[in-house]
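Working notes, structure below.
Atom set for the values below is all heavy atoms of this structure, side chains included, hydrogens, waters and symmetry mates excluded.
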Amino acid sequence: MKKFLVLCLMVLFVGGCGSKDNLTNIDISQASVKLDEKYTNMVDMDDKELSIVYGLDVSLLEEYEIKSSQLMNGNFYAILKVSDKNMDTVRDQMDNLFSVLESQSNLYSPDAVKLIKNHLETEVGNYLIYIVSEDNNAMYEIIKGYIS
């Protein structure tokens with residue numbers, strides 16, 4: 001009986017030691033395609049601009065898609081796959097990115113500032129998701145369709 005109990009505990013312990021990365025996956029490229037179908041005029045943000053202007057070190061990201069609207073209407077999304085060790089750093093850098101976006105938007109669009117202030121921010125496994133739109137939940141629902 002003791003051997004059985006020890007065996008059961010070992011199975012539970014080993015089974016519970018998997019990484020979050022194995023539990024959750026997001027097909028970032030397909031989610032991006034669907035988001036771009038619904039929200040037109042979205043373009044990739046340049047890595048150099050992300051680094052120099054917004055302070056985001058994309059080398060800390062394992063995989064990512066970051067897009068903003070060409071129409072300067074505030075629409076924005078970022079789906080970032082980040083290792084556990086870089087999660088806090090990337091969160092801080094994204095906070096800075098939103099501060100810069102808000103400052104820039106103050107110059108041309110008070111409506112965009114409202115959207116940026118009300119952005120959606122969530123974590124799913126090793127992914128950070130950021131959304132700025134008129135309907136953040138609708139955009140997030142699209143992304144959720146690509147989570148496995």
Side-chain angles (χ1 to χ4, degrees), residues 9-148:
L9 289 173
M10 286 176 53
V11 167
L12 287 173
F13 177 75
V14 171
C17 290
S19 74
K20 290 192 299 185
D21 194 40
N22 292 332
L23 298 175
T24 303
N25 188 42
I26 300 176
D27 187 338
I28 293 176
S29 62
Q30 287 301 309
S32 179
V33 167
K34 281 297 183 192
L35 289 168
D36 292 349
E37 286 175 7
K38 183 166 175 110
Y39 301 93
T40 57
N41 299 306
M42 300 297 283
V43 294
D44 288 313
M45 294 184 74
D46 180 69
D47 289 351
K48 287 182 183 178
E49 179 184 15
L50 286 167
S51 175
I52 294 168
V53 176
Y54 299 103
L56 179 62
D57 181 357
V58 295
S59 71
L60 299 176
L61 308 174
E62 295 178 10
E63 184 183 358
Y64 63 96
E65 191 71 55
I66 303 172
K67 291 191 175 184
S68 64
S69 174
Q70 286 180 316
L71 302 176
M72 310 269 290
N73 60 9
N75 286 345
F76 169 93
Y77 67 85
I79 308 169
L80 317 171
K81 185 175 184 183
V82 185
S83 69
D84 287 337
K85 69 179 182 175
N86 294 326
M87 195 67 77
D88 290 335
T89 302
V90 171
R91 266 195 216 100
D92 291 343
Q93 291 178 1
M94 288 301 292
D95 287 343
N96 182 65
L97 181 142
F98 279 103
S99 294
V100 174
L101 281 176
E102 188 176 325
S103 294
Q104 290 174 339
S105 296
N106 272 325
L107 300 173
Y108 63 87
S109 175
D111 291 333
V113 172
K114 289 177 191 174
L115 292 178
I116 292 166
K117 285 184 177 184
N118 293 316
H119 71 273
L120 180 142
E121 178 178 331
T122 192
E123 181 178 333
V124 178
N126 278 52
Y127 294 85
L128 295 173
I129 299 169
Y130 298 86
I131 300 170
V132 177
S133 75
E134 289 286 336
D135 190 347
N136 295 336
N137 291 327
M139 285 185 84
Y140 184 57
E141 286 299 317
I142 291 170
I143 294 170
K144 283 172 46 176
Y146 294 91
I147 297 173
S148 58

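Between Leu97 and Gln93, the closest side-chain pair of non-hydrogen atoms is not below 4.5 Å. Contact of the Ile143 side chain with the Val124 side chain is not registered, since no non-hydrogen atoms from C-beta on lie closer than 4.5 Å. Inter-residue side-chain proximity for Met87 and Glu123 is flagged as met; some heavy-atom pair is nearer than 4.5 Å. Met45 is not listed as a side-chain neighbour of Val58, based on a closest heavy-atom distance of 4.5 Å or more.
Interatomic distance, CG of Asn126 versus OG1 of Thr24, reported as 8.0 Å (0.5 Å rounding). In this structure, the separation between CG on Leu101 and CG on Asn106 is 11.0 Å, given to the nearest 0.5 Å. The structure places OG of Ser68 at 8.5 Å from CG of Leu50, a figure rounded to the nearest 0.5 Å. Residue Leu60 holds its CG atom at 10.5 Å from CG of Leu80, rounded to the nearest 0.5 Å. The NZ atom of Lys38 sits 9.5 Å away from atom CE of Met139, with the distance rounded to the nearest 0.5 Å. Within the model, atoms CD of Glu63 and OG of Ser29 stand 7.0 Å from one another, a figure rounded to the nearest 0.5 Å.
Between the Asn118 side chain and the Leu115 main chain, no donor and acceptor come within less than 3.5 Å of each other. A donor-acceptor pair under 3.5 Å links the side-chain atoms of Tyr127 to the main chain of Ile26, judged by distance alone. With hydrogens and angles ignored, the 3.5 Å screen pairs a side-chain donor or acceptor of Ser103 with a backbone N or O of Ser99.
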Q | Derivation and outcome, side chain to side chain donor-acceptor pair (under 3.5 Å), residues Ser59 and Asp57 | A | CA-CA 5 Å; Ser59 71; Asp57 181 357; 2.5 Å; yes
Quick one: do Leu35 and Glu65 satisfy side chain to side chain contact (heavy atoms under 4.5 Å, CB included)? Show the steps, please. CA-CA 11 Å; Leu35 289 168; Glu65 191 71 55; over 6 Å; no
request  = Would you please test Asp135 and Tyr39 for side chain to side chain donor-acceptor pair (under 3.5 Å) and show each step?
outcome  = CA-CA 11 Å; Asp135 190 347; Tyr39 301 93; 5.7 Å; no
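Nearest approach of Asn75 to Glu134, heavy atoms of both residues: OD1-N, 4.1 Å. Nearest heavy atom pair, residue Asp36 against residue Met42, reads OD1-CB, 3.5 Å. Considering all non-hydrogen atoms of both residues, Val132 and Ile116 come closest at CG1-N, 3.8 Å. In terms of heavy atoms, Ile79 sits closest to Ala31 at CD1-CB, 4.1 Å.
Within the structure, side-chain hydrogen bond (donor to acceptor under 3.5 Å, both in side chains) contacts touching residues 41-55 (residues at least two apart or in different chains) are Asp47-Tyr64, Tyr54-Gln104. A ring-ring contact (aromatic ring centres under 6.0 Å, His included) check over residues 91-117, counting only residues at least two apart or in different chains, returns the pairs Phe76-Phe98, Phe98-His119, Phe98-Tyr130.
Ser83 and Asn86 form a side-chain donor-acceptor contact under 3.5 Å, judged by distance and modelled atom types alone.
The side-chain contact (heavy atoms from CB on, under 4.5 Å) check on Lys34 picks up Glu37, Ile142, Tyr146, with sequence neighbours excluded.
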